[in-house]
Amino acid sequence: MRCLGLDLGSKTLGISISDATNTIASVYTTLYFKDENYDSLILPLKEIIDKEKIDTLVLGLPKNMNNTFGERAVITLEFKKKLEEAFALEVIMEDERLTSVISNNVLIKADVSRKKRKKKVDGMAAVIILQGYLDKIR
């Protein structure tokens, strides 16, 4: 079975996937939604989960730098509940502090244009979230 990494934003959900051995994470896709309509993500996620035979979801938890929970963390924890109810899968929370900064830096070093970076940063952040989890479980 495989894992999905999820990076929830206010308009996008970056998705990464593990390889069959749960060793390496790679970018899968980015889903777009409007007006914080997180329910609209359930059907496309179900399709991915079924198609890829996913058994674990790893959701990035956007804590503040002082380890407290802000508004985005609360929204993310509510989304975790939606995922657990919709899929009856384990949803693991993974600290995602600085993942977007790291993602942007990686893309800058790869000489990706600003316009393209904006489209790729969510997927890269999801990879960093999932890879962090995969490294812990090995």
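Not measured: the values here are computed from a predicted model.
- The salt bridge (Lys or Arg N to Asp or Glu O under 4.0 Å) search around K81 returns none, not counting sequence neighbours.
- Listed here is the closest heavy atom pair of E96 and P62: OE2-CB, 3.3 Å.
- Partners of F33 according to the ring pair (Phe, Tyr, Trp, His ring centres under 6.0 Å) rule, which considers only residues two or more places apart in sequence or in another chain, are Y38.
- Considering only residues two or more places apart in sequence or on other chains, S10 meets the side chain to side chain donor-acceptor pair (under 3.5 Å) condition with none of them.
- No side-chain heavy atom of N22 sits less than 4.5 Å from a side-chain heavy atom of T56.
- Between the CD atom of E78 and the CG atom of L83 there is a distance of 12.0 Å, given to the nearest 0.5 Å.
- Residues meeting the side chain to side chain donor-acceptor pair (under 3.5 Å) test with T12, sequence neighbours left out: D122.
- A chain of hydrophobic side-chain contacts below 4.5 Å, direct or via other Ile, Leu, Val, Met, Phe, Trp or Tyr residues, connects I75 to F69.
- Annotation: salt bridge (Lys or Arg N to Asp or Glu O under 4.0 Å) contacts of E84 (sequence neighbours excluded): K80.
- The distance from the CZ atom of F79 to the CD atom of E36 is 12.0 Å, given to the nearest 0.5 Å.
- For the atom pair S18 OG and I24 CD1, the distance stands at 10.0 Å (nearest 0.5 Å).
- For the pair R2 (side chain) and I49 (backbone), a donor-acceptor distance under 3.5 Å is absent.
- In terms of heavy atoms, F87 sits closest to I42 at CZ-O, 3.5 Å.
- Applying the side-chain contact (heavy atoms from CB on, under 4.5 Å) rule to N67 yields the partners K63, R97; only residues at least two apart in sequence or on another chain are considered.
- The distance from atom CG of L61 to atom CG of L8, rounded to the nearest 0.5 Å, is 11.0 Å.
- A search for side-chain contact (heavy atoms from CB on, under 4.5 Å) contacts involving K11 returns nothing, not counting sequence neighbours.
- Listed by chain and residue number, K82 satisfy the salt bridge (Lys or Arg N to Asp or Glu O under 4.0 Å) test with D39 (two or more places apart in sequence, or in another chain).
- Remark: K136 pairs with E94 by the side chain to side chain donor-acceptor pair (under 3.5 Å) rule, at least two apart or across chains.
- Contacts of N37 classified as side chain to side chain donor-acceptor pair (under 3.5 Å), with partners at least two apart in sequence or in another chain: none.
- Across L41, V58, L59, a single residue satisfies side chain to side chain contact (heavy atoms under 4.5 Å, CB included) together with L6, and that is L59.
- Closest heavy-atom contact between S40 and P44: O-CD, 3.3 Å.
- The hydrophobic clustering, which links ILVMFWY residues whose side-chain heavy atoms are closer than 4.5 Å, places L31 and V91 together.
- Between atom CD of residue E52 and atom CD1 of residue I17 there is a gap of 4.0 Å, rounded to the nearest 0.5 Å.
- Note that CG of L4 is 4.0 Å distant from CD1 of I54, once rounded to the nearest 0.5 Å.
- Using a 4.5 Å cut-off on side-chain heavy atoms (C-beta onward), D95 and I129 make no contact.
- Paired with L13 under the rule side chain to side chain contact (heavy atoms under 4.5 Å, CB included), one option of L45, D7, T30 passes, and it is L45.
- Partners of D135 under the side-chain contact (heavy atoms from CB on, under 4.5 Å) rule, at least two apart in sequence or in another chain, are Q131, R138.
- Partners of S16 according to the side-chain contact (heavy atoms from CB on, under 4.5 Å) rule, which considers only residues two or more places apart in sequence or in another chain, are A126, V127, L130.
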